[in-house]
Student: 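Take a look at the following structure, please.
None of the values given here were measured: they were computed from a predicted structure. As a basis for the values below, the full set of heavy atoms in this structure was taken, side chains included, without hydrogen atoms, waters or symmetry mates.
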Amino acid sequence: DRTDLGVIITCDGIWGPFEQEIAAELRAREVPAIAVHNKQDSVSAPEHFAALPGDIPLVLTSALNPGGIDSLRTALIESAPEGLFEHSCIAADLIAPGETTVLVVPIDKEAPRGRLILPQVQTIRDLLDNGRWAMVVREHELQQALDSLRTPPALIVTDSQAFEQVAAAAPPQSLLTGFSILFARYRSDLATLVRGARTIDSLRENDRVLIAESCTHHPIEDDIGRVKIPRWLESHTGVSLEFTTVSGHDFPGDLDTYRLVIQCGACMHTRRAVLQRLEQCRQAGVPITNYGIAIAKCLGVLERTLSPFPEALELYRAL
């Protein structure tokens, strides 16, 4: 499920049922694959690869013949999924070069000492790489930071937990969103997650909600996935809900027993892994959204936080 490119290696020179089964699993997920026959210097290969599917290239390698590794490198590049090597922006494409983004970064009990969390670091680097200016403040410093600027920032990006406070202070001409919503586009499919948010209004008493987080951190009091999101959801809906939390690569097989899945920003997952989760939810008929979108929905600021993404905003309004 997390694979961008499959490399199926055989050392006995035989493409048999085991290799064929792996290839079928990859094909079902639309993942390209390469067959590698290692030890080709000591085992005759071609006649044993008659069952190899025509769309899977065969590469011959040997520890005694390093030239085969060059062929493997070439096959890896040629077989990689379209767009795998393309650079995607996190936030820089939302504003013009030389414009300013204010990043609101609360420092709470779960903030790692001496560093920022990955989405914050990646967003800052994305802005710097593309000639956009970044100003980083804590939530209680936002108003002072805005007052110090000659003109309002083109974009304000905040941690989802501070949406209410930041939305109240953000100038109307500034685009506003959250790190998790940026990653809904960067790591996932924003439109699918926006559609999933509409389900929040239809949650009923004792509906099951799955909270899926990529991190395997040790949760403490007021944890966002285990405490804050459940609290916001129940406050918004006015009903009691049943919550299940999974972390890391865990993802249950009984998705059809849930009314809604809420995925974190998934900075620790590959895009392929997140899209596979979306597909599993689609097959199970279960809506899925993510932390930032769900929080913004519960706090009544979702339309404002979708302002940088006109197509997603239009979709949400049309649902």
Side-chain angles (χ1 to χ4, degrees), residues 1-4 83-94 101 103-130 132 134 136 138-139 155-163 166 176-194 196-197 210-220 223-226 228-229 245-251 261-281 288-296 305-306 308-309 312:
D1 290 343
R2 305 191 299 271
T3 300
D4 290 304
L84 185 65
F85 302 117
E86 294 177 3
H87 172 71
S88 298
C89 286
I90 299 174
D93 60 325
L94 302 176
T101 296
L103 306 169
V104 183
V105 179
I107 305 298
D108 58 16
K109 292 181 179 180
E110 286 192 321
R113 183 177 296 276
R115 59 189 176 89
L116 302 176
I117 63 173
L118 187 57
Q120 296 162 357
V121 173
Q122 288 185 309
T123 302
I124 293 171
R125 179 59 188 265
D126 173 65
L127 293 167
L128 295 177
D129 282 344
N130 289 280
R132 277 67 168 173
V136 185
R138 292 172 292 181
E139 71 279 17
L155 174 66
I156 299 175
V157 182
T158 180
D159 186 280
S160 304
Q161 301 178 62
F163 266 145
V166 174
L176 171 65
T177 194
F179 292 103
S180 185
I181 296 178
L182 287 177
F183 272 70
R185 180 182 70 147
Y186 181 62
R187 275 282 192 267
S188 184
D189 180 71
L190 180 58
T192 298
L193 300 181
V194 167
L210 176 66
I211 307 291
E213 56 184 26
S214 299
C215 298
T216 54
H217 67 279
H218 180 68
I220 62 175
D223 181 75
I224 185 170
R226 293 164 174 80
K228 291 182 177 179
I229 289 179
T245 303
V246 294
S247 59
H249 293 303
D250 292 340
F251 205 59
V261 175
I262 305 179
Q263 169 69 49
C264 73
C267 63
M268 301 301 294
H269 281 345
T270 64
R271 188 166 191 268
R272 161 70 69 172
V274 182
L275 292 177
Q276 182 61 33
R277 288 191 172 186
L278 266 60
E279 176 60 18
Q280 289 175 256
C281 289
I288 181 171
T289 188
N290 87 341
Y291 278 22
I293 296 172
I295 293 171
T305 57
L306 290 178
F309 316 103

Student: Measure the shortest side-chain to side-chain distance between Val274 and Phe183 over non-hydrogen atoms and say whether it is less than 4.5 angstrom.
Tutor: no
Student: State, with a plain yes or no, whether a side-chain heavy atom of Leu103 is found less than 4.5 Å away from one of Gln120.
Tutor: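 Not touching, per the 4.5 Å side-chain cut-off.
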Student: How close do Leu275 and Ser188 get, heavy atom to heavy atom, and via which atoms?
Tutor: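 The answer is CD2-C, 4.0 Å.
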Student: Does Asn290 use its side chain to pair, donor to acceptor, with the backbone of Gly265 at less than 3.5 Å?
Tutor: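 No; judged by distance alone, with no hydrogens or angles, the pair does not exist.
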Student: Output the distance between atom CZ (Arg271) and atom CG (Leu278), rounded to the nearest 0.5 Å.
Tutor: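 Nearest 0.5 Å value for the CZ-CG distance: 9.5 Å.
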Student: Compare all side-chain heavy atoms of Gln161 with those of Glu139 and state whether any distance is below 4.5 angstrom.
Tutor: no
Student: If you measure from OG1 on Thr305 to CG on Leu176, what distance do you get to the nearest 0.5 Å?
Tutor: 6.5 Å
Student: Of all heavy-atom pairs between Ser214 and Met268, which one has the smallest distance, and what is that distance?
Tutor: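 Nearest pair, atom of Ser214 first, then Met268: CB-CB, 3.8 Å.
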Student: If you round to the nearest 0.5 Å, how far is CG of Asp129 from CD1 of Ile124?
Tutor: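 So the CD1 of Ile124 and the CG of Asp129 are separated by 12.0 Å.
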Student: Please report the interatomic distance CZ(Arg132) to SG(Cys89), rounded to the nearest 0.5 Å.
Tutor: 7.0 Å
Student: On a heavy-atom basis, which atom in Ser180 and which in Gly292 lie closest, and how many Å separate them?
Tutor: OG-N, 3.0 Å
Student: Between Phe251 and Cys281, what is the shortest heavy-atom contact and its length?
Tutor: CZ-SG, 4.1 Å
Student: Check whether Asn130 reaches the backbone of Ala92 with its side chain - one donor and one acceptor, N or O, closer than 3.5 Å.
Tutor: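 No, because the side chain of Asn130 does not come within donor-acceptor range (under 3.5 Å) of the backbone of Ala92.
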Student: Under the criterion side-chain contact (heavy atoms from CB on, under 4.5 Å), I'd like the reasoning laid out for Ile262 against Ile293: C-alpha separation, chi angles, the key distance, then a yes or no.
Tutor: CA-CA 9 Å; Ile262 305 179; Ile293 296 172; over 6 Å; no
Student: Leu306 and Ala312: which non-hydrogen atoms are nearest, and at how many Å?
Tutor: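 Smallest interatomic distance, heavy atoms only, reads CD1-O, 4.2 Å.
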Student: Can you find a heavy atom in the side chain of Ile288 that is under 4.5 Å from one in the side chain of Gln263?
Tutor: yes
Student: Are the side chains of Phe179 and Ile90 in contact, using a 4.5 Å heavy-atom criterion?
Tutor: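 No. Closest side-chain heavy atoms not under 4.5 Å.
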Student: Could you go through Ile295 and Ile224, starting from their C-alpha distance and side-chain angles, then the distance that decides it, and tell me whether this counts as side-chain contact (heavy atoms from CB on, under 4.5 Å)?
Tutor: CA-CA 10 Å; Ile295 293 171; Ile224 185 170; 3.8 Å; yes
Student: Distance-only, no hydrogens or angles: does the Thr289 side chain make a donor-acceptor pair with backbone N or O of Leu193 under 3.5 Å?
Tutor: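 Such a contact is found between Thr289 side chain and Leu193 backbone.
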Student: Evaluate the side-chain contact (heavy atoms from CB on, under 4.5 Å) criterion for residues Arg185 and Asp93: first the C-alpha distance (whole Å), next the side-chain angles of each, then the deciding distance (0.1 Å), finally the verdict.
Tutor: CA-CA 12 Å; Arg185 180 182 70 147; Asp93 60 325; 2.9 Å; yes
Student: Between atom CG of Asp189 and atom CZ of Arg277, what is the distance when rounded to the nearest 0.5 Å?
Tutor: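 Those atoms lie 16.0 Å apart.
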Student: Test side-chain contact (heavy atoms from CB on, under 4.5 Å) on Phe309 and Val194; report intermediate values, then the result.
Tutor: CA-CA 11 Å; Phe309 316 103; Val194 167; over 6 Å; no
Student: So which heavy atom on Leu155 is nearest to which on Pro308, and how close?
Tutor: CD1-CG, 4.2 Å
Student: Enter the distance from Arg187:CZ to Leu182:CG here, rounded to the nearest 0.5 Å.
Tutor: 12.5 Å
Student: Given 3.5 Å as the limit, does a donor-acceptor pair link the side chain of Arg272 with the main chain of Asp1, or not?
Tutor: no
Student: If only atom types and distance count, is the side chain of His269 paired as donor or acceptor with the main-chain N or O of Gly248 below 3.5 Å?
Tutor: yes
